[in-house]
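One-based numbering along the sequence shown.
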Amino acid sequence: MIERRPRRFSQPAVTEPVVEEVEETVAAPKRGRKKVKEDAPVEPEVEIVDNGGNNGDNGGLKKTMTALIVVVVALVGVLAYIWISKQQLVNELDAEKNELTAQMIELQGDYQELSSNYASINAQLDSSREEVNQLIARIQKTQATNRAAIRKYEKELGTLRNIMKDYIKQIDSLNTANKQLKADVASARKDLSESRKKNDELTQTVGDLSQKVAAGSIIKARGIALQGLGKDGKVAKYARNVYSFLTSLSLIENDLAAKGPMMVYVVVKDVDGNLLVNADQAVSFTFEGAEIAASAAREVDYEGAEIDLGIYLNNIGKKLVKGVYSVEVYSEQSKLGAAELMLR
């Protein structure tokens, strides 16, 4: 049999100094606390070994912040340059508008000083004065940045100046003729035929002036253009894709023109000069005593202000070929203009 021996467990040795120290601590608390403080482990100094990583992060952050600052400064500089350039442009436009307004006011004063002894010219002067007043009001209401309107007003200013020069010439001419006529009547009573001749010349002059006024009342157009359109209504450049034509134009402002409904006619011709017409509708009009066949027509209500319009020619009814197509635009008073279109 196997004899089992009892296992001995060794008791942990309790060091007497510890007991004594505890006892001594209990017995003398002040002395024990002092000793514990003296025997307490001293915390080791923590030394940061890996400084390279933090320094790298700090360096990258500084570079990023520097780059952002440079970008912000550059952006501020660009925005400042754009703002300054815009302000300079606005100031230039304001100065241009002010100069145009000053010229119009000066022209207004010239018209006010202009007078004549002829009722027909006085009526024309009144109309022109009112036109100048309206133009000044429109300029003052228009923003200086509206370059198109300012350019338009500049052209109108030139037109009104030319009209005033014509008035001056007319008045001087009529005054001269009238003075001459009076002198001739006073000095040539014996020569009645000569006096009648002078009177006829004066009558002819007045008639010419009336014709000029009538010519000034004729409505004119600008921006005439011919376009080919496809089935989808979009502009087509190839003849095989064109199913209709659009003629666009603007009737120019004219306070002297008659106001009310008016007809505008278009005559569209193909590359061989043949008239293109709407297969469902025939249009014709009388111009200068002759009957003219038109491709299409449109009625507009003209009130003296500029008006944009478009006239369509649909249902052409024939195959188109590449080449140059033309359009002529007429009113009941005059030929407004023409344009051409090249189809591939």
Side-chain angles (χ1 to χ4, degrees), residues 79 81-114 124-168 212-213 215-227 235 246-262 264 266 298-312 327 329 331 333-339:
L79 292 176
Y81 174 78
I82 293 175
W83 184 83
I84 293 172
S85 299
K86 181 179 179 181
Q87 285 299 115
Q88 291 177 348
L89 179 59
V90 170
N91 293 336
E92 291 176 0
L93 295 177
D94 286 336
E96 184 178 351
K97 176 186 174 182
N98 294 335
E99 175 64 20
L100 180 60
T101 303
Q103 293 180 12
M104 287 302 307
I105 294 175
E106 182 180 359
L107 182 63
Q108 184 184 42
D110 294 340
Y111 266 103
Q112 293 296 335
E113 295 176 358
L114 191 61
Q124 298 172 33
L125 285 172
D126 291 339
S127 177
S128 297
R129 292 188 186 105
E130 181 61 26
E131 187 174 355
V132 172
N133 295 337
Q134 293 178 2
L135 184 56
I136 292 175
R138 291 201 302 271
I139 293 174
Q140 292 174 343
K141 294 179 181 179
T142 302
Q143 294 292 334
T145 53
N146 191 343
R147 301 296 296 276
I150 296 298
R151 293 293 174 265
K152 175 185 174 184
Y153 296 149
E154 288 177 349
K155 292 181 179 179
E156 293 185 20
L157 172 61
T159 301
L160 290 171
R161 281 177 173 168
N162 292 332
I163 292 175
M164 188 181 70
K165 291 178 181 178
D166 289 339
Y167 286 150
I168 294 174
K212 289 181 180 180
V213 173
S217 65
I218 294 176
I219 299 173
K220 297 180 181 179
R222 65 177 180 84
I224 298 175
L226 178 63
Q227 292 178 314
V235 176
L246 169 62
T247 302
S248 57
L249 66 145
S250 299
L251 298 179
I252 299 176
E253 178 181 2
N254 189 341
D255 291 336
L256 299 178
K259 298 176 178 58
M262 62 172 290
V264 180
V266 294
R298 179 178 173 181
E299 183 181 55
V300 296
D301 187 13
Y302 184 78
E303 294 298 332
E306 182 166 333
I307 181 172
D308 300 329
L309 66 145
I311 302 175
Y312 290 87
V327 62
V329 185
S331 69
Q333 291 179 321
S334 64
K335 180 179 178 180
L336 299 177

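Applying the side chain to side chain contact (heavy atoms under 4.5 Å, CB included) rule to Glu299 yields the partners Pro261, Met263; only residues at least two apart in sequence or on another chain are considered. Every residue two or more places apart in sequence or in another chain that forms a side chain to side chain contact (heavy atoms under 4.5 Å, CB included) with Thr101 is listed here: Lys97, Ile105, Ile139, Gln140. Applying the side chain to side chain donor-acceptor pair (under 3.5 Å) test to Tyr153 and every residue at least two apart in sequence or in another chain returns Thr142. In terms of the salt bridge (charged side-chain N to carboxylate O under 4.0 Å, His left out) criterion, Glu99 has no residue partners (sequence neighbours excluded). Applying the side chain to side chain donor-acceptor pair (under 3.5 Å) rule to Asn162 yields no partners; only residues at least two apart in sequence or on another chain are considered. Remark: Arg222 pairs with Glu306 by the salt bridge (charged side-chain N to carboxylate O under 4.0 Å, His left out) rule, at least two apart or across chains. Gln227 is linked by a side chain to side chain donor-acceptor pair (under 3.5 Å) to nothing, counting only residues two or more places apart in sequence or in another chain. Listed by chain and number, the residues in a side chain to side chain contact (heavy atoms under 4.5 Å, CB included) with Tyr302 are Ile219, Leu251, Asn254, Ala257, Met262, Ile307 (sequence neighbours excluded). Annotation: salt bridge (charged side-chain N to carboxylate O under 4.0 Å, His left out) contacts of Lys259 (sequence neighbours excluded): none. With sequence neighbours left out, the salt bridge (charged side-chain N to carboxylate O under 4.0 Å, His left out) criterion links Asp126 to Arg129. Residues that satisfy the side chain to side chain donor-acceptor pair (under 3.5 Å) test with Ser128, not counting sequence neighbours, are Tyr167.
Rounding to the nearest 0.5 angstrom, the gap separating the CD1 atom in Ile136 from the CD atom in Gln108 is 3.5 Å. Note that the CD atom of Gln103 and the CZ atom of Arg161 stand 4.5 Å from one another [nearest 0.5 Å].
Considering only heavy atoms from C-beta on, Lys152 stays 4.5 Å or farther from Arg138 through its side chain.
Among all heavy-atom pairs drawn from Leu135 and Glu156, the shortest one is CD1-OE1, 3.2 Å. Leu160 approaches Val132 most closely through the heavy-atom pair CD1-CG2, 3.7 Å. Scanning all heavy atoms of the two residues, the minimum distance from Ala221 to Leu336 falls at CB-CB, 3.8 Å.
A side chain to side chain contact (heavy atoms under 4.5 Å, CB included) with Val329 is found for one member of Ile311, Thr247, Leu226 and no other, namely Thr247.
For Glu130 and Gln134, the side-chain atoms include at least one donor-acceptor pair closer than 3.5 Å.
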